[in-house]
Every structure is written in structure tokens, then in C-alpha cells.
Amino acid sequence: MFINFGCVILDTCAVTIGSRVLFGPNVSLFAASHPLDPAVRNGTQGPENGKPIVIGDDVWICGNVQVLAGVTVGAGATLAAGSVVTRVSPSGERPPCRSVLCVLMFVLQDVDPFTLVGGNPARLIKRIESPLAD
């Protein structure tokens with residue numbers, strides 16, 4: 001794993017990072033959150049909550065990317081610079097791999113394996129052709 005400078009990880013919930021993951025500068029992982037209702041939030045007196053973040057193997061998270069609570073990033077994905085990754089809807093296409101485990105993981109991902117996503121909010125830009133996807 002390589003983590004560049006300026007990385008922030010708020011980990012109220014578990015943050016799981018796979019093998020050979022690359023973080024560009026100023027990447028932020030926000031597993032922590034607060035209630036939307038200001039009466040419940042109550043300034044700093046209210047509860048802090050969140051959801052886990054899971055990042056698969058061989059993921060490249062480019063500079064200035066923010067990954068929000070509850071996001072799962074599939075293996076081999078790339079998150080383009082400056083993206084805000086909330087949840088990227090599955091495209092409904094056939095997964096780029098053939099193993100049963102990969103197909104199951106493909107269905108469960110917020111960011112599909114072997115895809116490039118970018119923007120705010122992040123969206124699918126293209127699929128990544130790789131021998132690792134087989």
C-alpha cells in the first residue's frame with residue numbers, strides 16, 4: 001500500500017483497505033457521519049455515526065478524492081482525481097470477470113471492479129480491460 005501526503009481517515013466505523021492500493025495526495029475517507037436532523041445532531045452533543053468503507057485490492061485513488069461512509073470499491077478500480085465517491089449505481093452489465101467470487105463481488109460493489117469512476121458525485125466513466133479481471 002502507498003499513501004501519499006495529506007491523507008485523512010475518519011474511522012468511526014471500520015475502514016478496510018486491500019493489497020497494493022495507491023492513494024494520491026489529499027485523499028479523504030470519511031466513514032464517520034452525523035445525523036441530518038439538527039435536533040438530534042445537537043451540535044457536538046449529539047451522536048456520531050457512520051458506515052464502513054471497504055477498498056478492494058489493486059485500487060488507485062487519485063489525488064483529492066473523497067470517499068464517503070458506506071462505500072465499497074471493487075478490486076482494480078480507479079477513482080479519478082477530485083472525485084466525491086458516494087455510491088456509484090451498478091450499470092447492470094455483465095461483470096468483467098468470470099469467477100463465481102468475482103461475479104458475486106461485482107453485484108455487491110458501489111464502485112464496480114475494474115472501472116474508472118469520476119466526478120461529483122462519481123459516476124462510471126469506463127471499464128478497465130485487464131488480465132487481472134479474468
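A quick note: this is a predicted structure, and the numbers were derived from the prediction, not measured.
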Shortest non-hydrogen contact between [X] and [Y], atoms and distance:
X	Y	value
Cys62	Ala80	CB-C, 3.9 Å
Ala77	Val111	CB-CG1, 3.9 Å
Val117	Ile125	C-CD1, 3.9 Å

Do [X] and [Y] have side-chain heavy atoms sitting under 4.5 Å apart?
X	Y	result
Asn26	Phe5	yes
Val73	Leu79	yes
Asn49	Ser33	yes
Gln66	Asn120	no

Check residues 8-24 and write down every donor-acceptor pair under 3.5 Å in which the side-chain atom is one partner and the other belongs to a residue at least two apart or another chain.
residue	atom	partner	partner atom	Å
Thr12	OG1	Glu48	OE2	3.4
Arg20	NE	Asp58	OD1	2.7
Arg20	NH2	Asp58	OD2	3.1

| Is the backbone N or O of Leu36 less than 3.5 Å from a side-chain atom of Arg41, with the two atoms forming a donor-acceptor pair by type? | yes

| request: Please confirm whether the backbone N or O of Gly119 pairs with a side-chain atom of Ser83, one donor and one acceptor, at under 3.5 Å? | output: yes

Please tell me whether [X] and [Y] are part of a single hydrophobic cluster in this structure, the criterion being side-chain heavy atoms less than 4.5 Å apart.
X	Y	result
Trp60	Val67	no
Val85	Leu68	no
Ile3	Val59	yes

| remark: Separation between CD1 (Ile55) and CD1 (Ile61), nearest 0.5 Å, reads 3.5 Å

| note | One should read off an interatomic distance between His34 NE2 and Asn42 CG, to the nearest 0.5 angstrom, of 12.0 Å

| request: Output all residues satisfying side chain to side chain contact (heavy atoms under 4.5 Å, CB included) with Asn4, sequence neighbours left out; order by chain, then residue number. | output: Phe2, Pro25

| task | Could you note down all residue pairs passing salt bridge (charged side-chain N to carboxylate O under 4.0 Å, His left out) where residues 29-38 supplies at least one of them, sequence neighbours left out? | result | none

